[in-house]
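The structure appears below as C-alpha cells.
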Amino acid sequence: MLTQKNLHRKPIGVFDSGIGGLTVARALFELLPNENIIYLGDTARLPYGTKSKETVILYSIECLKFLLSKKVKMVVVACNTASSVAVPFLQKITKLPVEGVLNPGSKSAAERTKNNRIGVIGTLGTVKSNAYKKAIKKINPAVNVYSQPCSLFVQLAEDGWTDNKIALLTAQEYLKNLNKCNIDTLILGCTHYPILKKTIGKVVGENVTLIDSGEETAKAVKRTLEEMNLLNTQKKKGIHKFFVTDFPNNFKIISERFLGRNIRDVKKVKLS
Ligand code: DGL
C-alpha cells in the first residue's frame, strides 16, 4: 500500500517481453543510480510484438503480479508492445504508479516537432494498436502521425547487426515511406531500436530528431517518484536484480549488448 512506511526504499519494478527492456533499465540506472531496481524479462514467451492484444495483456498481468510479489513501489512497463495495449488493465489491478514507455515518448515527440509531422516505428503489435498515434493526438490534435512496423530490427539488434550493410538495407526498405512523409521527429517505439539508432539516423537524415522512449521514460519515472515523495534518498548505489522466465542460449551476449555491462544476479522464475 502507498501508506506503507519506508516505501521509498522499496525497488522499482521493470518488466519487458525479454532482454530488450534493458535499454530502458539502463536509462533508469543512469538517471536514478540510488534506486533499487528489479527487472523481469519474460524471455520464455518473447516476442510480444507478434502476439494478439489479449495474449499480451494476459502476459503483462502475470509480469505485474510477479513484480507486486517483490513489493515494488512503482512499475515500469519497458516493453512498447505491452505499453501500447496493457497499461490501463494493469492500472486497474494495482494502486501503485504504473508507467509505460508510450506516454513519455509521445509527450517528448509532441513537444519537439516543429512541423507537426511525427513518425513512429515499432513492432506490428504496437503499430496495429495505434496507441502512439492516439497518445500524440491527445496532446496535440494538429500533429500528423505516420507509423511503420519494423519487425526485423528486433533480430538485427539481438544479433548485433546494427551498423552493417544488412542493417542499412533493412532500414532503407522499412523507412522509405516514412522518408516521403516529411517527418521531423521519429519515435523509436520498441525496446530494441535504440541499439540501431546510428543506422536509423543515417537513413532518415540528421534533420529528423530521434526519440528514445526509454530515456524519456526514465525522466518520467523520476518526476513521478519526486511528486509522490517516493525517491530513494539513500546515498549508496541501488541494488539491481534480474529475473527471466528462460535463459536463451545467447542471453549473456545479448544482455551485455543491451545493458552495456555484464549482468550478474539473474534468476529464472516461473510466472503463473
Ligand atoms: N519489447 C518489445 C517492444 O518493445 C520488442 C520485442 C518483442 O516483440 O517482444 O515492443
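We use all heavy atoms of the structure for the numbers below, so side chains are in, but hydrogens, waters and symmetry mates are not. First listed ligand is number 1; within each ligand, the first listed atom is number 1. Quick caveat, the model's predicted, so the values are computed rather than measured.
- Looking at residues two or more places apart in sequence or on another chain, you find a side-chain hydrogen bond (donor to acceptor under 3.5 Å, both in side chains) between K198 and D163.
- For Y39 and F243, the ring centers sit 6.0 Å or farther from each other.
- Using a 30° and 60° split on the angle between ring planes, F29 and H240 fall in the parallel class, below 30°.
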Give one line per pair: atom of ligand 1, protein atom, distance. Only N/O to N/O under 3.5 Å.
| unit_1 | atom_1 | unit_2 | atom_2 | d |
| --- | --- | --- | --- | --- |
| ligand 1 | 1 (N) | D16 | OD1 | 2.9 |
| ligand 1 | 1 (N) | S17 | OG | 3.1 |
| ligand 1 | 1 (N) | T191 | OG1 | 2.9 |
| ligand 1 | 4 (O) | N80 | N | 3.0 |
| ligand 1 | 4 (O) | N80 | ND2 | 3.4 |
| ligand 1 | 4 (O) | T191 | N | 3.0 |
| ligand 1 | 4 (O) | T191 | OG1 | 3.2 |
| ligand 1 | 8 (O) | Y48 | N | 3.4 |
| ligand 1 | 8 (O) | G49 | N | 2.8 |
| ligand 1 | 9 (O) | S17 | OG | 2.6 |
| ligand 1 | 9 (O) | Y48 | N | 2.7 |
| ligand 1 | 10 (O) | T81 | N | 3.1 |
| ligand 1 | 10 (O) | T81 | OG1 | 2.6 |

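- Listed by first and then second residue, the salt bridge (Lys or Arg N to Asp or Glu O under 4.0 Å) pairs that reach into residues 47-67 are R45-E62, sequence neighbours excluded.
- Distance check: N103 CG to S108 OG gives 12.0 Å after rounding to the nearest 0.5 Å.
- Residues passing the side-chain hydrogen bond (donor to acceptor under 3.5 Å, both in side chains) test with Q155 are D159, sequence neighbours excluded.
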